[in-house]
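Since we're looking at a predicted model, the values are computed, not measured.
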Amino acid sequence: MPVLVTARLAAGTTRATLKLQAVAPGKYIRKSDADYEKAWTELPMRDDGLEGDEKAGDSVFSVRVPPSYQRHRWLLRYRIVATDKTGKTVQSPAADDTCPNFAWWCDAGPAPWTGARDPGKTPPETFSAEFLGTLQTFHLLARADDVARSQWDGNAHKQKQQGTLVYRGVVYDHIQYSNRGQASAHMSGKNKWGLKLNRGHDVPLVDHDGVPFPAPCDSLNLNPGGSTPHIPVHRGIGGLDEVLSMRAYRLAGVPSPPTTWVQWRVVDGAEEVSAGNQYKGDLWGLYVVIGEMKPKLLADRPLPDGLTVSIQSGVKHTPRGMTDATKEWEKFLAGMRSDPKEAWWRENLDLPAYYSFHALNRLLGNVDLRPDGNHGYYRRPDGRWAPIPWDNDMMFVPRQHQPGHIEAIGCLKHPAIALEYRNRAREILDLFAADAGDRGGQVGQLAADLGAVLTPKTFAVDWPRLDAALWNQHPRMNQKGTYFVNPGTADHWGGRWTRTLATNDFAGFRRYVVDFCTDSRPMKNYAPNDGDQRGYGWGYLAHEAKDDKIPATPTVQQPTSGRFQFEASAFISPAGHKPAALEWRVGRVGQRGWYELDERWRTEVKSGREVGIPPEAFKEPGEYRVRARWRDSTGRCGHWSSPVNVSVR
């Protein structure tokens, strides 16, 4: 079919020309190439009410681009040159624009792809066009030699290459891409990518559920989603470790970049699929997309503008009006390293965010975390700094490796702060790690919800299996045959350990993650660095949360006096402490996106054991959980009660 291009031009325009550049797959033209300014076809536009032009003389010029140009996987760039009666010409977009042309992309949908995890040993599987349509797609249009140089040539480390990104039918032309990473940048074969968009051409990304990122992105990070290339013991997990971890931090109130999955397709050759070589063609498989450390992206609602810093690469975002970003950061670092008093920590560190960050590092087995790497900080307008998680590709490991903490751990030297941390650690155990079920509102449900993205219903195949077929024996892989090894062994600096899956597939990895975070060990002999995957994260966090002097856990019931009236059992302190307050909370559960760790409503009662919860806390139809816990006169909080479930129709 022809494509109709229309343009409203300035009054007095006497002639308009569409300049068209057709870019064939495998013959990408970079903006820096000499052919970029040469390879244009001119098509006259009209304002006479004919051939697709709607109305004569209305300054809206039109042209039909013939069907012969509309070919699958072709990029069509265009410009419009308008001439007035004096002979003056104006080009749109302007020649000095960051993207000096418009463009559209011709896409008839993905071709079916067939591949085997171990060709010649395991049977090939076919992934239909319908299956490939279950996950959103990034297309990169680029030159094959540029792609190879970027991904596999160590001499081109982080060198910017030119290409075109297509996402949700929109063309982002003349972007820059490169490899990413430090020591592991070229180690795997399926490596990391970095995409940099042009100024003013940000991408409004959505996640795997179609939920928009909090703000458009001017750069994107793609991770291979196959566990760290240093020790690929979790290869086959499909990035669930990274996406689940980042979502957990975010649910707990830690500023965290948004994360999702995409199907990555690189158009750098004439063939979309090769009949004789499963490793050639557009399909690069499953990748994890991570937003940048910028306040507008670090929470479901954009945070106030503030300074963000990566430990490894420095300042990432400077708020408007700040002229001394580096000095502010160095001042905070120097303060942390000066063995400060408790008051300094309370004034300069976002302690609630730090407590959640540190607790989840233990629960999720974040063993590659260290003071000099794999995290950042966000400075709130009140001057308090909150940690930002980063590089979550070495998670769910029951051995120590790097220290597993950041410099802010110094705050826990102060007894009052350490007590508050233990309170939060117990809370995360209660609200996120106590339920392995798929509808619990906790880690089991989060793993099930995210896992469903990679295992769409009605299909006999899934995305981790596709990824294994693409990369397990790929000629570019440096660690061949590492997908779905069961049992798998790994040597971390804390020692050797064995990872066992209940089933040798993605479902086995999903089960592994949930068991790691819940009290799944038959014998409760938990100890840090014990190398036993069963409940290791739960055990480590329970070890740090332990306090024999906390109040007893109450029970909660609903008196018959009112629908949203609740009563807790009496305060009991094994240490003989006095009660200070009865805390109440409401969480939402049972629906996709509803997790109890994401607090719905909270209050505390200074005297008495009853509470009336406002009906607004139960506004939307769904399932809710009401819990209570006692806080004593020393500031110690007990465990949250078992929930009372409230169903709203």
Side-chain angles (χ1 to χ4, degrees), residues 1-9 13 15-31 33 35-83 91-93 97 99-113 128-130 132-133 136-144 163-175 201 263 265-275 280-283:
M1 293 179 62
V3 170
L4 181 67
V5 178
T6 64
R8 181 176 295 279
L9 302 178
T13 298
R15 182 163 54 91
T17 301
L18 181 79
K19 289 190 170 184
L20 189 69
Q21 184 176 90
V23 182
K27 296 184 178 180
Y28 185 74
I29 301 174
R30 300 170 295 199
K31 188 170 66 170
D33 293 338
D35 280 349
Y36 176 72
E37 290 301 339
K38 296 177 181 178
W40 296 88
T41 299
E42 295 190 356
L43 300 176
M45 303 182 74
R46 55 202 310 158
D47 187 19
D48 57 4
L50 301 174
E51 296 294 327
D53 186 57
E54 188 171 296
K55 182 180 179 181
D58 63 353
S59 296
V60 177
F61 286 75
S62 309
V63 62
R64 282 181 175 148
V65 179
S68 58
Y69 284 96
Q70 321 307 325
R71 287 174 279 186
H72 180 47
R73 300 169 62 240
W74 282 59
L75 174 68
L76 279 301
R77 292 170 171 156
Y78 68 98
R79 297 166 167 172
I80 295 171
V81 178
T83 305
Q91 178 178 293
S92 181
D97 194 289
C99 183
N101 59 262
F102 304 111
W104 74 85
W105 162 248
C106 300
D107 188 359
W113 182 84
S128 66
E130 291 75 19
L132 295 173
Q136 62 179 337
T137 301
F138 275 4
H139 283 94
L140 176 69
L141 285 53
R143 290 172 57 103
T164 297
L165 175 70
V166 183
Y167 174 63
R168 303 188 86 191
V170 178
V171 175
Y172 300 87
D173 213 353
H174 312 299
I175 70 161
H201 298 271
Q263 171 187 178
R265 300 180 76 90
V266 179
V267 183
D268 60 1
E271 290 185 299
E272 181 180 6
V273 176
S274 171
K280 291 185 66 176
D282 295 357
L283 186 60

Examine distances only and state if a side-chain atom of [X] and a backbone atom of [Y] form a donor-acceptor pair shorter than 3.5 Å.
X	Y	answer
D47	G57	yes
E271	K280	no
D58	V60	yes

In short, salt bridge (Lys or Arg N to Asp or Glu O under 4.0 Å) pairs touching residues 59-81 with sequence neighbours left out are E37-R79, E51-R64, R73-D282, R77-D173
Tell me the closest heavy-atom pair linking [X] and [Y], and the distance in Å.
X	Y	answer
P93	P100	CG-C, 3.9 Å
S62	T6	OG-CG2, 3.4 Å
R143	D268	C-CB, 4.1 Å
L9	A82	CD1-CB, 3.9 Å

Assess the residue pair Y69 and T41 against the criterion (side chain to side chain contact (heavy atoms under 4.5 Å, CB included)); give the C-alpha distance rounded to whole Å, side-chain angles, the decisive distance to 0.1 Å, and a yes or no. CA-CA 11 Å; Y69 284 96; T41 299; 3.7 Å; yes
* To do: Could you check T17 against W40 for side chain to side chain contact (heavy atoms under 4.5 Å, CB included), going step by step and ending with a plain yes or no?
  => CA-CA 11 Å; T17 301; W40 296 88; over 6 Å; no
Exercise. Between the side chains of Y36 and Q21, does any donor sit under 3.5 Å from an acceptor?
Worked result: no
Kindly list each side-chain donor-acceptor pair under 3.5 angstrom involving residues 102-110, sequence neighbours excluded, with atom names and distances?
{"residue": "W104", "atom": "NE1", "partner": "Q70", "partner atom": "OE1", "Å": "3.1"}
{"residue": "D107", "atom": "OD1", "partner": "G109", "partner atom": "N", "Å": "2.8"}

